[in-house]
Structure formats: C-alpha cells, structure tokens
Amino acid sequence: MLHNDSPVAEQLAVALESTRNSRVSGAFRKHKKLSRIGKQVVLDQSQELAAISSFLASLPQNVIPLSVDPSITIDPQLVLDFDTRSDRAAEEVQHMVDDVWQRNPVFLYSKLYSPTSREIKAMLAKLNLRPMPTIMDVDIRDDAVVLEPIIHRLTSSPQLPVLLVGGKSVGSVEEIRNLEKSGRLRDLILAAGAVIDGLENKIHGH
C-alpha cells in the first residue's frame, strides 16, 4: 500500500493531475476551434442574388429545393460550392459575386409563355451580345414555385421578366423600354463588360 507522503505516491498524483489538465486543455482547444469555424457567413440581398444566379447558371440540373422558404434568406450551403463556415468564406463570397456577373453581365429571369418576356428577349437579341445573355425561363423550371418569389424579394420587382445588368435590376418592363429608346441600356450593358457587336461594327465601319 502506498503512503500519501511517499515519493511514488507524489509522482502518481502529479501524473494524474497533468493528465487531467491535458484533457481539459485539449477539450477547450477543440471547443475554441469549433467556435471559430462554426459561424456561417451571412449573405446580404445582392450577395444572395449573385449566389442563386451563379448556382442556377453553372449547371442546368441545379434547382432550388422546394423546402426553401422564399420569404427569408436562403441557406448559403445550398447554393455555394465552398465551406461557408471557414475563415475565408467572406472573401470567397466576394470572389463569387465578381465572377458571376463577369461571366453573366446580362442575366434575364423571364417566362417562356409571356409576351413581355419575348419582347425583352428580342430587344437583347438585336444587340448580338458577347457573352450571350443568360436567360432563365422560370415558369418552366421545377423550382418555379420557390424561385419566382425569391427573385421578387431580392429585386423588388413585382413580376417577371427581371433584367439584371451587372448584377443589378434595371427596372420594370416600361423602364427597360425607355432605357432602350434612349440608348442608356446599351451604355449599361457596355459598362457591365458585355460587347455589343452591332455597335462595334458601326465603330469600325463594317
């Protein structure tokens, strides 16, 4: 039997205390690490619009789950392809925003069976844009019931079509008509990074 004041007993007590401290310290570090990476990035409305547009444009089979509540901000994990809880998440969100509107400077959320949507499509077709406009016919999509109200919420547009130039809605159909007549729509599209072939040909005299 070991006496409490024996050297062996003291060594055992020190070893046990060291083990307990190591476990507590390790648990604390693990909890601290989980706390640090556990906070998910929060998207503002412009970022959410970019994230959804990027997700839908990247693959034709990508759809918004029907379980999504369109009245609130979408869970970033559903539409972003990186770790939304990492230390670099905010930086990657900004890169995603820049990238999607660079790749898709003109983005139209429309309806296939809509006279006004056909009007806007024809307007864009005349410009012979490069890159070509990204056109999303919402009414024939499997996720239309959630996607359409999401677009309305994020753009404050009461109805489709919604024309995004450089990631920003250019207004109602009537406003788009006025922009087209004044030439301002061309200016916005050029500023967003698209090339208007018709305008380019006129400049070069072809």
Side-chain angles (χ1 to χ4, degrees), residues 39-86 88-124 129 131-177 179 185 188-189 192-194:
K39 188 175 181 180
Q40 182 163 261
V41 68
V42 177
L43 303 178
D44 62 28
Q45 285 198 331
S46 63
Q47 292 169 337
E48 185 183 359
L49 180 61
I52 290 172
S53 299
S54 176
F55 174 72
L56 297 178
S58 61
L59 290 171
Q61 63 265 36
N62 283 355
V63 295
I64 305 297
L66 299 183
S67 58
V68 165
D69 182 349
S71 67
I72 62 175
T73 304
I74 198 168
D75 182 347
Q77 296 180 90
L78 294 176
V79 291
L80 296 176
D81 61 357
F82 53 82
D83 183 0
T84 58
R85 297 178 183 273
S86 74
R88 297 185 62 248
E91 180 184 339
E92 294 201 61
V93 166
Q94 188 55 54
H95 174 74
M96 174 277 299
V97 172
D98 295 339
D99 180 70
V100 65
W101 302 133
Q102 182 179 7
R103 292 174 180 271
N104 307 276
V106 179
F107 200 118
L108 180 66
Y109 283 104
S110 62
K111 289 187 174 184
L112 184 63
Y113 305 107
S114 161
T116 52
S117 289
R118 287 196 294 269
E119 178 185 351
I120 303 304
K121 289 175 184 177
M123 194 181 295
L124 296 175
L129 297 177
M132 293 178 62
T134 301
I135 297 176
M136 196 75 56
D137 285 322
V138 176
D139 57 334
I140 60 171
R141 292 181 54 87
D142 293 338
D143 56 5
V145 67
V146 291
L147 179 57
E148 185 168 352
I150 287 175
I151 299 305
H152 295 330
R153 173 173 60 82
L154 295 177
T155 64
S156 299
S157 299
Q159 59 186 4
L160 298 177
V162 172
L163 178 62
L164 305 175
V165 177
K168 295 179 175 60
S169 171
V170 297
S172 66
V173 172
E174 191 58 39
E175 288 171 313
I176 296 171
R177 290 173 182 144
L179 287 170
L185 182 61
L188 292 174
I189 290 173

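Worth saying up front: this structure is predicted, and the values here are computed from it rather than measured. Each residue takes its place number in the sequence, starting with 1.
- Note: M123 CE to L185 CG = 7.0 Å, rounded to the nearest 0.5 Å.
- For the side chain to side chain contact (heavy atoms under 4.5 Å, CB included) test, residues two or more places apart in sequence or in another chain that qualify with T134 are A57, N104, F107.
- Residues L108 and P133 are not in side-chain contact: their nearest non-hydrogen atoms beyond the backbone lie 4.5 Å or more apart.
- Here R118 pairs with nothing under the salt bridge (charged side-chain N to carboxylate O under 4.0 Å, His left out) rule; sequence neighbours left out.
- Considering NZ of K39 and OG1 of T84, their distance stands at 13.0 Å, rounded to 0.5 Å.
- In this structure, E48 contributes its side chain and I74 its backbone to a donor-acceptor pair below 3.5 Å.
- Atom CZ of R177 has more than 12 neighbouring heavy atoms from other residues, nucleotides or ligands inside a 6.0 Å radius.
- The CG atom of L164 lies 5.0 Å from the CH2 atom of W101; values are rounded to the nearest 0.5 Å.
- For the pair P149 and S71, the minimum side-chain heavy-atom distance is 4.5 Å or more.
- Here the shortest heavy-atom pairing between E92 and S86 reads OE2-OG, 4.3 Å.
- Interatomic distance, Q159 CD to K111 NZ, rounded to the nearest 0.5 Å: 8.0 Å.
- Within 6.0 Å of CD in Q77 there are more than 12 heavy atoms belonging to other residues, nucleotides or ligands.
- By the 4.5 Å heavy-atom criterion applied to side chains, Q40 and P76 are counted as neighbours.
- Residues I64 and V79 have side chains in contact (heavy-atom distance under 4.5 Å, counting atoms from C-beta outward).
- You'll find the side chain of R141 reaches within 4.5 Å of the side chain of L56, heavy atoms only.
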| Could you walk me through whether V42 and T73 pass the side-chain contact (heavy atoms from CB on, under 4.5 Å) check? | CA-CA 9 Å; V42 177; T73 304; 5.9 Å; no

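- With hydrogens and angles disregarded, no donor-acceptor distance shorter than 3.5 Å links the side chain of S54 to the backbone of A50.
- Expressed to the nearest 0.5 Å, how far CD1 of I120 lies from OG of S114 amounts to 9.0 Å.
- In this structure, L124 and L129 approach most closely via the heavy-atom pair O-CG, 4.3 Å.
- Side-chain contact check for S172 and E175: at least one donor-acceptor pair (N or O, by modelled atom type) lies under 3.5 Å.
- Listed for the Q47 side chain is a donor-acceptor partner under 3.5 Å among the backbone atoms of D44.
- Although no hydrogens or angles enter the test, the distance criterion places no donor-acceptor pair under 3.5 Å between the side chain of D143 and the main chain of V63.
- Between the side chains of H152 and E148, a donor-acceptor pair is found at a separation under 3.5 Å.
- A donor-acceptor pair is defined here as one N or O able to donate and one able to accept, closer than 3.5 Å; no such pair exists between the side chain of D137 and the backbone of D139.
- How far CG of D75 is from CG of L80: 9.0 Å, rounded to the nearest 0.5 Å.
- Applying the side chain to side chain contact (heavy atoms under 4.5 Å, CB included) test to A144 and every residue at least two apart in sequence or in another chain returns V138.
- Taking the side chain as every heavy atom from C-beta outward, S110 and L160 never approach each other to under 4.5 Å.
- Proximity of P161 to V173: side-chain heavy atoms (C-beta onward) are separated by under 4.5 Å at one or more points.
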| task | Could you give me the CA-CA distance, side-chain angles and deciding distance for V41 and E91, then say whether side-chain contact (heavy atoms from CB on, under 4.5 Å) is met? | result | CA-CA 10 Å; V41 68; E91 180 184 339; over 6 Å; no

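- Nearest heavy-atom pair, Y113 versus I140, reported as atom, atom and distance to 0.1 Å: CE1-CG2, 4.0 Å.
- Listed for the S169 side chain is a donor-acceptor partner under 3.5 Å among the backbone atoms of G171.
- Taking the side chain as every heavy atom from C-beta outward, I150 and L49 never approach each other to under 4.5 Å.
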